[in-house]
Enquirer: 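For reference, the structure I am asking about is given below.
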There are 2 protein chains.
Amino acid sequence: MKPALANDTMIDEVSCLFGALGDASRLKILRTLLDTKKPLNQGGVAEAAGLSQANASKHLACLVRVGLVVRNPEGNTVYFTPVLPLVSDLCDLVCGHVSDRAKASYHALR
Amino acid sequence: MKPALANDTMIDEVSCLFGALGDASRLKILRTLLDTKKPLNQGGVAEAAGLSQANASKHLACLVRVGLVVRNPEGNTVYFTPVLPLVSDLCDLVCGHVSDRAKASYHALR
DNA sequence: CTACTCCACAACCAAACAGTAATATTACTG
DNA sequence: CAGTAATATTACTGTTTGGTTGTGGAGTAG
């Protein structure tokens with residue numbers, strides 16, 4: 001099997017995707033989408049994540065661009081859903097690592 | 001089990017970690033460390049990744065700060081190693097997703 | 001000691017980015 | 001058609017960040 005970060009094109013694509021995840025507002029959007037079982041429209045996301053309408057629109061567009069969220073319009077409104085299991089897997093991996101590090105540094109101080 | 005992105009502190013930590021991955025130069029460093037079996041010092045990383053010394057120093061410090069790379073000094077030089085399997089798992093997940101999307105958009109154009 | 005290597009750090013610049021406010025667009029309803 | 005709700009876009013601002021240059025310090029060899 002080929003190595004994961006084979007060429008520079010792949011490096012650019014992957015850095016864009018990780019960069020999309022490297023922002024607190026976009027993570028709040030993803031958390032909202034993961035927690036809510038029903039599909040949410042942009043207004044619902046903005047309210048639940050505590051963002052303005054224009055801000056949520058831009059962040060959602062970014063998440064859709066890198067393929068972490070899919071966009072399906074229905075008449076007047078647009079519903080967004082996270083791409084599973086990719087998003088939850090990534091969050092679980094990193095959250096587990098952060099928790100482990102916090103626990104380790106806590107125990108190191110005793 | 002608690003949801004992954006539980007509180008805002010976790011959001012900040014995770015966004016920092018993903019942000020560290022969201023840069024082409026840092027991904028090149030990680031690719032170098034993953035591909036090279038021997039432990040590399042800063043100069044070796046900088047040369048293999050095509051970065052200047054000061055630039056590699058800053059990026060390596062960033063990766064160490066978020067816990068993706070560990071730093072062990074030996075006398076005059078400092079050797080760096082990626083945190084496994086976390087780094088490889090994250091890269092594999094995202095690279096697979098990018099490949100799938102590219103393949104899908106290719107076949108959609110026929 | 002001197003000289004050299006490796007690394008960290010500060011200052012600086014330019015580009016990218018997040019957030020806001022205002023406006024435009026699209027789609028539905030009466 | 002007018003009116004309204006949902007979303008997209010534009011222009012602008014303040015902040016952040018990647019990269020470079022230069023410098024200083026810690027370790028090592030001669």
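For clarity, every value in this text was computed on a predicted model and none was experimentally measured. Residue numbers start from 1 in every chain, and the chains themselves are labelled A, B, ... in the order their sequence lines are given, proteins ahead of strands. The figures that follow rest on heavy atoms only: side chains count, while hydrogens, waters and symmetry mates do not.
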Enquirer: Could you give me the CA-CA distance, side-chain angles and deciding distance for A:I29 and A:F80, then say whether side-chain contact (heavy atoms from CB on, under 4.5 Å) is met?
Expert: CA-CA 10 Å; A:I29 290 179; A:F80 296 90; over 6 Å; no
Enquirer: For the backbone of B:L33 and the side chain of B:T36, can you confirm whether one donor and one acceptor N or O come within less than 3.5 Å of each other?
Expert: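 Side chain of B:T36 to backbone of B:L33: no pair is present.
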Enquirer: Decide whether A:Y106 and B:V66 are clustered together by the hydrophobic rule: side chain heavy atoms of Ile, Leu, Val, Met, Phe, Trp, Tyr closer than 4.5 Å, transitively.
Expert: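 Hydrophobic grouping puts A:Y106 apart from B:V66.
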Enquirer: Which nucleotide span of DNA chain D, 5' end to 3' end, has atoms closer than 4.0 Å to non-hydrogen atoms of chain A?
Expert: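 First and last nucleotides in contact are D:dA5 to D:dT9.
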Enquirer: Using a strict heavy-atom distance below 4.0 Å, which residues from residues 13-37 of chain B are in contact with DNA chain C?
Expert: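 Hits under 4.0 Å, by residue number: none.
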Enquirer: Carefully, step by step, assess B:R71 and B:V78 under the rule side-chain contact (heavy atoms from CB on, under 4.5 Å).
Expert: CA-CA 7 Å; B:R71 181 195 129 94; B:V78 184; 3.4 Å; yes
Enquirer: Report yes if some heavy atom in the side chain of A:R26 is under 4.5 Å from a heavy atom in the side chain of A:L63; otherwise report no.
Expert: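 Yes, side chains in contact.
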Enquirer: Enter the inter-axis angle for the ends of the helix from C:dC1-D:dG30 to C:dG30-D:dC1 (five pairs per end, rounded to 10°).
Expert: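 About 20°, once rounded to a multiple of 10°.
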Enquirer: Looking only at atom types and distance, does a side-chain atom of A:H97 sit under 3.5 Å from a main-chain N or O of B:G67, one as donor and one as acceptor?
Expert: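 Yes, because the side chain of A:H97 sits within donor-acceptor range (under 3.5 Å) of the backbone of B:G67.
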Enquirer: List the protein contact pattern of nucleotides 1-13 of chain C with one symbol per nucleotide (5' to 3'): B for base contact, S for sugar-phosphate-only contact, - for none; contact means a heavy-atom distance under 4.0 Å.
Expert: ----BSBBB----
Enquirer: For A:V69 and A:V64, what are the C-alpha separation, side-chain angles and deciding distance, and is it a side-chain contact (heavy atoms from CB on, under 4.5 Å)?
Expert: CA-CA 5 Å; A:V69 165; A:V64 169; 4.1 Å; yes
Enquirer: Is the backbone N or O of B:C95 less than 3.5 Å from a side-chain atom of B:S99, with the two atoms forming a donor-acceptor pair by type?
Expert: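 Checking the backbone N and O of B:C95 against the side chain of B:S99, a donor-acceptor pair under 3.5 Å is found.
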Enquirer: For residues 3-13 of chain B, which residue pairs qualify under salt bridge (Lys or Arg N to Asp or Glu O under 4.0 Å), counting only residues two or more places apart or in two chains?
Expert: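 Applying salt bridge (Lys or Arg N to Asp or Glu O under 4.0 Å) to every pair that reaches into residues 3-13 of chain B, excluding sequence neighbours, yields A:R31-B:D8.
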Enquirer: Using the rule that two of Ile, Leu, Val, Met, Phe, Trp, Tyr join whenever any of their side-chain heavy atoms come within less than 4.5 Å, decide whether A:I11 and B:L93 are in one cluster.
Expert: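 Yes.
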Enquirer: Return the set of residues passing side-chain contact (heavy atoms from CB on, under 4.5 Å) with B:S25 (not counting sequence neighbours), or none when no residue passes.
Expert: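 B:S25 satisfies side-chain contact (heavy atoms from CB on, under 4.5 Å) with B:D23, B:L51, B:H59 only.
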Enquirer: Determine, stepwise, if the pair B:L84 / B:L34 fulfils side-chain contact (heavy atoms from CB on, under 4.5 Å).
Expert: CA-CA 9 Å; B:L84 297 176; B:L34 288 177; 3.7 Å; yes
